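Everything numeric in this text was worked out from a predicted model, so none of it was measured. So that the names make sense, note that chain A is the first sequence line, chain B the second, and so on, each numbered from 1.
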Amino acid sequence: MTGALRRLLREPLGALGLGLVLVIVASAVFADALAAYPPTQLDVRNRLSGPTAQHWFGTDHLGRDTFSRVVHGGRIALLVSLVSVGLSLAIGLVLGMIAGYGPRWLDNLLMLVFDAVRSFPTIMFALAVVTLFGPSLETVILIVVVTSIPVHGRIVRTQTLSLKAQEFILAERAMGAGPVRVLFHHVLPNVIGPVLILASMEVPVVIAIEAGLSFLGLGVRPPTPSWGSILNDGYGFIRDTPWLILAGGLPVVMTTLGFTFLGEALRDVFDPRLKRE
Amino acid sequence: MRTSRRKFMATTALGGALAAAAPREAARAQAKTLRVRSYVTLQQLDPLNRLGAPEGDVMDCLYPGLITTKGDGTWGWSLDAASAIEQVDTTHIKFELRKGMGWTGGFGEVTAEDVKYSYERIANPDNKSAYRGDWAALDKVEVTSSHTGVIVLKEPYIPLWTTTLPFNSGSIVCKAAVEKLDGKRFTLEPPATFGPYKIKQNVARQRMTMERNRDWPGPQPAFDEVEFLNILDANAAETAYQAGEIDLTLLPMTAVPRIQKAMPARSKLVVAPSLAYWWLGMQMEEGLFADKRVRQAVQLAVDVNAVLEGAFFGVAPRSTGFIAPGMTGHRAANKIAKPDLAAARKLLAEAGHPRGFKTEIGVRNSAEFVNAAQVVAASLAQIGIEAQVQPFDQGVQKAVASGKAGEWKKMALHIARFSMQPDPSWASVWFTREQIGEWNWERFPDAEYNELHAKGLKESDPQKRQAMYVRMQDIMEDSGAYVFLTHGVNPILHRDSFIPALTPDANKVLVPKFKLA
């Protein structure tokens with residue numbers, strides 16, 4: 001593991017990615033300590049101010065401290081992305097293994113469902129779900145989970161199909177192992193690595209979806225801070241101050257870059273073929 | 001053909017001079033075209049089903065009314081298609097139409113039959129017009145000759161002259177043309193028009209272009225062409241104005257201080273007090289807010305001035321009810337003048353919620369509503385009520401609030417804004433018992449209020465009417481279900497090359513009455 005970390009840090013983009021992710025995660029975890037003000041505390045007389053010693057990122061149109069909102073917004077972004085990616089990964093793993101290992105008809109059925117879900121553009125699907133259930137954190141997580149399951153499921157299925165014909169699996173089956181034992185003792189450990197790397201690269205996508213939905217007013221509900229709603233506020237007052245747009249946009253860019261660089265570096269570190277090259 | 005160098009130079013110079021003159025010519029031509037922003041997508045040009053004020057502005061260009069609003073900053077009216085109109089008694093209005101007004105499409109002259117058809121069409125409950133209340137008192141329109149008739153009312157109806165006839169419920173459509181249509185309805189393609197302008201081109205969801213109607217018998221409008229451009233986003237509209245793409249736009253209230261500080265070149269800003277009314281409402285039939293003490297606690301906790309400062313940047317003054325200053329029925333003051341958190345906490349404790357509770361504030365999904373709700377939430381947090389803002393699309397909000405979507409709890413506490421015409425009955429009608437399940441979102445069931453509303457429609461004595469509407473707003477506040485916020489303002493930014501014709505609240509933009517400066 002330390003060897004892997006050393007290899008990761010040797011990659012400049014990998015090190016940068018890890019650094020950015022650590023900064024974002026730390027600021028979200030320690031948001032209460034870092035934020036000088038509660039993120040919903042109003043001070044309308046001091047609205048739309050630029051950066052000052054009291055308000056590092058300035059204030060928004062209701063006089064709320066933007067820095068406090070950004071760090072608390074990071075908590076929401078990470079919560080949504082980690083819970084959504086975790087859930088979709090878990091469900092996608094199980095369904096993908098069943099599709100790859102199970103009977104043909106079940107494989108076809110699951111693929112049909114995956115393709116049906118993927119055929120909807122995410123934002124259109126999100127609009128429909130939000131119209132039905134109303135905007136909330138739970139709705140955002142539901143949207144992301146449903147649209148991400150097929151991504152993980154398809155990859156796991158492909159991996160499972162190739163493993164299914166391997167000799168060690170055939171030997172295990174010949175010794176009388178049932179499908180549950182084969183899947184969870186032999187297939188799962190072999191597919192989990194690449195899927196985890198994929199999942200880390202899925203995090204910025206989810207964060208962008210959450211920010212996008214909140215920007216459109218379809219994500220987390222006000223006054224809960226989120227990067228998307230900070231961007232939306234910034235857009236509304238872009239002629240008054242550029243700071244809100246910058247404050248909402250910068251963490252989205254940093255997180256996207258951080259997780260993407262980290263994911264790519266992890267892939268390079270753990271992919272044996274790339275290692276040989 | 002041989003070209004000498006001298007000839008070449010002369011031709012080039014002439015060409016250059018023409019080219020230099022061309023933009024000025026184009027600019028002059030452009031000066032005759034007015035581009036107005038529509039802040040909603042134009043969807044309906046049928047007076048029966050109109051949806052928003054900009055559609056009414058387009059209709060003013062295309063259809064005649066018997067009378068029309070003056071557009072001189074007063075609520076007065078002037079003759080339009082009628083050459084004469086007279087209230088004979090409390091229930092009879094005689095009118096005579098101008099002669100020679102011919103519908104487009106060869107549908108003949110505008111006649112009294114068209115007037116009868118247009119008004120009875122809106123009044124007919126089968127047609128389900130949202131504006132049938134404007135003609136609720138109509139018994140019939142008697143046609144006495146091709147160009148004369150009598151509007152017969154079932155009972156006296158005071159708002160007829162202030163809100164029905166001068167506005168788009170008074171617009172006249174062509175009976176012969178509409179009757180020919182499937183379902184006898186239309187949306188953006190009127191089968192026949194006759195107004196100061198006629199339609200030149202309609203690009204759905206983008207723009208409506210109209211050109212001057214030379215046959216219009218009234219005063220000819222100042223502009224040869226008018227374009228209504230659908231620009232929904234306020235920022236985009238401001239950019240379009242700065243770029244010279246539009247000549248007149250409604251701005252958000254929060255833009256006023258900034259525009260006043262840095263006025264765009266050759267522009268004027270009109271900040272007109274609106275007649276519309278914003279309020280915080282509570283659903284009093286079921287749930288948490290069914291307890292009057294909870295409602296009163298909310299009334300006492302909300303810092304309205306903070307809402308106005310936060311959401312509207314202090315541009316809009318606080319309201320005292322649903323009737324704006326200067327109108328019959330305006331109330332001098334609110335009963336609850338300022339927050340009293342101690343009293344609010346006491347009431348909440350008496351109601352069994354000493355530590356508050358969690359709730360939602362249902363609002364329309366637009367910045368002003370969401371911002372107002374966030375400030376209200378901050379006020380309520382001080383007495384322990386934790387309120388999340390629940391934004392809805394406009395149509396969904398109505399469905400939820402009216403109870404039709406079965407989710408009224410999401411709108412148990414809500415911020416709403418209704419538009420208004422210059423008669424108090426236009427506001428009071430929405431809070432009657434008959435409107436429960438429609439527009440009475442608080443499910444406010446007061447019998448005395450209902451009785452006063454019915455009387456107010458017939459009362460012609462201004463003083464008695466004033467007292468009635470003040471009492472109605474007192475009843476509303478006493479119920480605990482209402483916190484009146486503001487009427488807002490309508491900021492209109494326009495070029496200084498023309499003088500716009502607006503109603504005093506600037507809600508109606510009367511393009512045909514614009515004048516060049």
TODO: Decide side-chain contact (heavy atoms from CB on, under 4.5 Å) for A/His61 and B/Thr254; before the verdict, give the C-alpha distance in whole Å, the side-chain angles of both, and the deciding distance to 0.1 Å.
DONE: CA-CA 9 Å; A/His61 57 296; B/Thr254 48; over 6 Å; no

Could you state the interatomic distance from [atom1] ([X]) to [atom2] ([Y]), rounded to the nearest 0.5 Å?
X: B/Gln390; Y: A/Arg221; atom1: CD; atom2: CZ; answer: 4.5 Å
X: B/Glu386; Y: A/Thr40; atom1: CD; atom2: OG1; answer: 9.5 Å
X: A/Asp240; Y: B/Lys261; atom1: CG; atom2: NZ; answer: 8.0 Å

Contacting region of [X] [heavy-atom separation from chain A under 4.5 Å]:
X: B/Asn365; answer: side chain
X: B/Ala381; answer: neither
X: B/Glu360; answer: side chain
X: B/Glu368; answer: neither
X: B/Ser366; answer: neither

TODO: Determine whether more than 12 heavy atoms belonging to other residues, nucleotides or ligands lie under 6.0 Å from atom CD of B/Gln242.
DONE: yes

- [ ] Taking atom CH2 of A/Trp243 as the centre, report whether more than 12 heavy atoms of other residues, nucleotides or ligands fall under 6.0 Å from it.
- [x] no

- [ ] Report the residues that fulfil side chain to side chain contact (heavy atoms under 4.5 Å, CB included) with B/Val40, sequence neighbours left out, ordered by chain and then residue number.
- [x] B/Ser38, B/Pro54

Open item on the list: Please find the pair of heavy atoms, one from B/Pro391 and one from A/Pro222, that lie closest to each other, and give the distance.
Closed with: CG-CD, 4.4 Å

Task: Student check: side-chain heavy atoms of B/Gln374 and A/Leu62 closer than 4.5 Å - done: yes

Task: Note, A/Arg47 side chain near B/Phe313 side chain (heavy atom, < 4.5 Å) - done: yes

TODO: Determine yes or no for a side-chain-to-main-chain donor-acceptor pair under 3.5 angstrom, with B/Asn235 supplying the side chain and A/Tyr235 the backbone.
DONE: yes

Task: Side chain, backbone, both or neither of A/Arg239 within contact of chain B (heavy atoms, under 4.5 Å) - done: both

